[in-house]
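We count ligands from 1, going down the list as the structure has it; atoms in each ligand are counted the same way. Any value given below was found using the heavy atoms of this structure, including those in side chains, with hydrogens, waters and symmetry copies removed.
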Amino acid sequence: MRVVNLTPKSAFRNPQSRGVEMEKIRNYINGRWLDAKSGKTFQSTNPANKNEVIGLISKSGRDDVDLAVKAAREAYEGWRLTPAPRRGEILFRAAEFLLKKKEGLGRLETREMGKVLPEGLGDVQEAIDMGYYMAGEGRRLSGETVPSELPHKDMKSVRVPVGVFGVITPWNFPIAIPAWKLFPALVCGNTVVFKPASDTSVCAARFVEAFIEAGLPQGVLNLVFGSGGEIGEYLVSHPEIDAISFTGSWETGKRLEAVCGSMHRPITAEMGGKNSIIIMDDANLDLALDGAVWGSFGTTGQRCTAASRLIVHKKIYRVFIERFMEAASRLRLGDGLRKETDVGPLINETQFKKVLEYIEIGMKEGAKLVLGGKPYSKGICSKGYFIEPTIFGEVKPEMRIAQEEIFGPVVSVIKTDSLEDAIRIANGTVYGLSSAIYTQDVNNTAIAERDLESGIVYINAPTIGAEIHLPFGGIKQSGYGRKEAGGRGGALDTFSHWKVIYRDFSGRLQKAQIDKG
Ligand code: NAP
């Protein structure tokens with residue numbers, strides 16, 4: 001196989017060019033693209049065609065992480081003192097760059113992660129939206145000014161950066177999730193060491209390129225590739241890191257929370273979900289069906305907010321499940337770059353095997369397999385990790401397939417006889433990320449809104465579709481620490497500290513709560 005040793009920039013200009021079989025992707029540390037010190041590499045491949053290698057990636061070790069953290073530490077003072085509106089201008093230019101490159105980036109996402117092209121483009125758009133939004137925050141980042149109880153004294157709160165952030169991201173939104181973290185981290189004045197998911201390393205390099213093109217000073221953003229268990233964990237426990245922002249599985253997140261807890265280090269962790277859609281007997285059924293199909297099988301079910309449980313009122317259960325099966329059976333599997341494809345592959349062999357194991361578990365537990373359940377290998381799909389859209393009926397809420405995150409195109413349909421029971425089932429897992437209800441009764445919507453235990457609730461829409469300017473994140477086992485996205489109450493609170501300043505210009509000692517002025 002020919003290795004094309006292109007600079008990231010020229011490789012980006014023509015990612016599909018003939019003869020370019022794979023790109024060499026290096027770490028980006030202190031303003032330079034560098035091979036890992038060991039010289040080792042690993043491959044990133046196309047999950048729709050495992051023979052297609054997308055990139056040959058530097059496999060970093062601890063010394064590469066040390067170098068990246070040192071660069072971020074050294075750049076911190078200069079970046080912290082750069083006026084926030086100037087920081088925002090750089091981020092604005094990065095968003096403009098992403099907009100210019102949107103089509104190429106979207107196609108790259110489809111090749112490296114497998115999601116269908118419209119979703120790949122949507123992922124890039126989310127990053128652009130976050131870029132513009134956070135660029136504007138450069139001129140706000142506002143605190144409070146409040147009157148003092150004493151004369152000749154003023155007081156205010158201001159946001160200050162936290163320091164050097166370690167950022168670790170998953171593969172399912174390879175550009176949007178890094179954008180959720182990097183744009184707010186940088187506008188707040190932090191510097192960053194970014195370790196992306198190994199499976200989507202090329203997307204991460206292309207994304208970081210936007211910041212370089214925008215003129216971000218060297219050392220402010222550093223990128224290291226390599227195994228999470230090796231360099232990710234080392235980064236999280238590195239003595240020169242001030243805080244961690246992580247998105248990924250519960251298993252990894254829980255482990256990292258323990259590491260950070262023992263070091264008194266702030267961590268925000270966004271993790272898995274077991275999200276449900278409640279469909280009441282008065283729902284607009286056509287709308288609910290569209291939402292159930294998109295929520296369950298969009299991104300091949302590989303969204304943290306994917307609907308993996310449909311809780312359906314018994315009065316409409318039979319008709320719903322028949323129509324749902326019929327709609328899901330029409331979904332076409334294939335390479336996401338093809339216009340006709342509705343559902344792409346699973347990300348990798350591990351995920352492929354895990355999903356098949358859960359299908360086995362579901363059958364052993366006595367759930368009724370009503371659609372799919374097998375790998376799909378017709379035509380071009382023989383080269384990728386495809387599994388048929390799979391529906392289990394007659395699922396009991398306590399079954400493992402209704403409790404554990406599968407992260408694939410597998411959905412459990414559960415019967416309910418009332419709103420109260422439906423909410424009890426929806427809340428009956430360790431997760432609490434996203435939930436939804438389809439009903440036309442305004443009172444039902446109010447009760448669901450109040451009682452569903454999840455960070456996000458959708459009314460008459462599926463469990464997916466968050467917008468970037470409100471906080472995003474889960475409760476219970478789905479989230480830990482502060483929130484992603486949004487401004488105040490969300491990302492800005494994650495990536496900055498409050499500092500409170502009291503200024504006494506009376507020229508004498510005044511005692512709060514004691515002197516009456
Ligand atoms: P993962 O295995 O936990 O990996 C996430 C990231 O952590 C990757 O960069 C991974 O590196 C790294 N990592 C793995 N083990 C590590 C360790 N011991 N120390 C430090 N870093 C480590 O999760 P995933 O399979 O990529 O992503 C799927 C999961 O993410 C699902 O559970 C999904 O629900 C969740 N997710 C949550 C949200 C949300 O906002 N709540 C959004 C998207 C996804 P490598 O790639 O090198 O292994």
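With a heavy-atom cut-off of 4.0 Å, Leu256 touches ligand 1 through its side chain alone. Of the heavy atoms in Ile177, only side-chain atoms (C-beta onward) come closer than 4.0 Å to ligand 1. Only the side chain of Phe407 comes within contact range of ligand 1, with a heavy atom under 4.0 Å; no backbone atom does.
With salt bridges taken as basic N to acidic carboxylate O contacts below 4.0 Å, none links Lys354 and Glu357. Ion pairing between a basic and an acidic side chain is recognised when a charged N comes within 4.0 Å of a carboxylate O; Arg206 and Glu209 show such pairing.
For the 3.5 Å distance criterion, the side chains of Asp66 and Tyr234 qualify, holding a donor opposite an acceptor. With hydrogens and angles left out, the side-chain atoms of Lys102 and Gln125 include a donor and acceptor closer than 3.5 Å. In this model, no donor atom of one side chain and acceptor atom of the other lie less than 3.5 Å apart for Ser434 and Thr305.
Shown here, atom 34 (O) of ligand 1 is in close reach of the protein: a heavy atom of it lies under 4.0 Å off.
Atoms of ligand 1 lying under 4.0 Å from any heavy atom of Ser227, numbered from 1 in the order shown and given with element: 47 (O). Interface of Gly272 with ligand 1, defined as ligand atoms under 4.0 Å from a residue heavy atom, comprises 32 (O), 34 (O). For ligand 1 and Gly226, the ligand atoms under 4.0 Å from any heavy atom of the residue are 47 (O). Ligand-side atoms of ligand 1 in range of Gly248: 3 (O), 5 (C), 23 (O), 29 (C), 30 (O), 32 (O), 35 (C), 36 (N), 37 (C), range being under 4.0 angstrom from any heavy atom. In summary, the atoms of ligand 1 found under 4.0 Å from a heavy atom of Lys195, numbered by their order in the structure, are 9 (O), 11 (O), 45 (P), 47 (O). For ligand 1, the atoms closer than 4.0 angstrom to any heavy atom of Gly232 are 19 (N), 20 (C), 21 (N). Remark: ligand 1 atoms within the under-4.0 Å shell around heavy atoms of Pro196 are 9 (O). Ligand 1 places these atoms under 4.0 Å from at least one heavy atom of Leu433: 41 (N).
With hydrogens left out, the protein atom closest to atom 13 (N) of ligand 1 is Gly228 CA, 3.5 Å, a heavy atom. For atom 27 (O) of ligand 1, the nearest non-hydrogen atom of the protein is Pro170 CB, 3.4 Å. Nearest non-hydrogen protein atom to atom 12 (C) of ligand 1 is Ile168 CG2, 3.7 Å. The protein atom (non-hydrogen) at minimum distance from atom 16 (C) of ligand 1 is Thr252 CG2, 3.3 Å. The nearest heavy-atom contact from the protein to atom 42 (C) of ligand 1 is Cys304 SG, 3.0 Å. Of the protein's heavy atoms, Glu405 OE1, 2.6 Å lies nearest to atom 32 (O) of ligand 1.
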May I have the step-by-step check of salt bridge (Lys or Arg N to Asp or Glu O under 4.0 Å) for Glu137 and Arg140, ending in yes or no? CA-CA 5 Å; Glu137 288 297 335; Arg140 285 185 291 268; 3.4 Å; yes
Stepwise, does the salt bridge (Lys or Arg N to Asp or Glu O under 4.0 Å) test hold for Lys59 with Asp64? CA-CA 9 Å; Lys59 189 171 190 300; Asp64 300 294; over 6 Å; no
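Not a single heavy atom of Val236 sits under 4.0 Å from any atom of ligand 1. Residue contacts with ligand 1 do not include Gly253, since none of its heavy atoms lies under 4.0 Å from the ligand. Using a 4.0 Å heavy-atom cutoff, Gly229 is listed among the residues neighbouring ligand 1.
Inter-residue side-chain proximity for Val355 and Phe407 is flagged as unmet; no heavy-atom pair is nearer than 4.5 Å. Contact check for Ile359 versus Phe392: side-chain heavy atoms found under the 4.5 Å cut-off. Taking the side chain as every heavy atom from C-beta outward, Leu108 and Ile54 approach each other to under 4.5 Å. The side-chain heavy atoms of Gln302 and Leu346, taken from C-beta on, include a pair separated by under 4.5 Å.
Because its NZ or CZ atom is not both nearer than 6.0 Å to the ring centre of Tyr385 and within 45° of the ring axis, Lys353 does not count as a cation-pi partner of that residue.
The closest non-hydrogen atom to atom 20 (C) of ligand 1, taken over Met271, Lys354, Glu230, Glu233, comes from Glu233. By heavy-atom distance, the residue among Asn172, Thr169, Thr350 lying nearest atom 44 (C) of ligand 1 is Asn172. When the heavy-atom distances from atom 5 (C) of ligand 1 to Thr247, Thr200, Ile231 are ranked, the shortest goes to Thr247.
Looking at ligand 1, you'll find an N or O of Ser198 within less than 3.5 Å of one of its N or O atoms. Polar contact with ligand 1: present for Ser249 (N/O pair, distance under 3.5 Å). Backbone and side-chain nitrogen or oxygen atoms of Phe472 are examined, and none is located within less than 3.5 angstrom of a nitrogen or oxygen of ligand 1. Of the polar atoms of Trp171, at least one N or O is found under 3.5 Å from an N or O of ligand 1, judged by distance alone.
Relative ring orientation between Phe183 and Phe211 is described as tilted, the plane-to-plane angle lying within the 30° to 60° band.
Around the CZ atom of Arg255, the shell of radius 6.0 Å holds no more than 12 heavy atoms that belong to other residues, nucleotides or ligands. Residue Lys50 places its NZ atom among more than 12 non-hydrogen atoms of other residues, nucleotides or ligands, all under 6.0 Å distant.
Of the candidates Glu484, Glu126, Glu270, Trp180 forms a side-chain hydrogen bond (donor to acceptor under 3.5 Å, both in side chains) with just one, namely Glu126.
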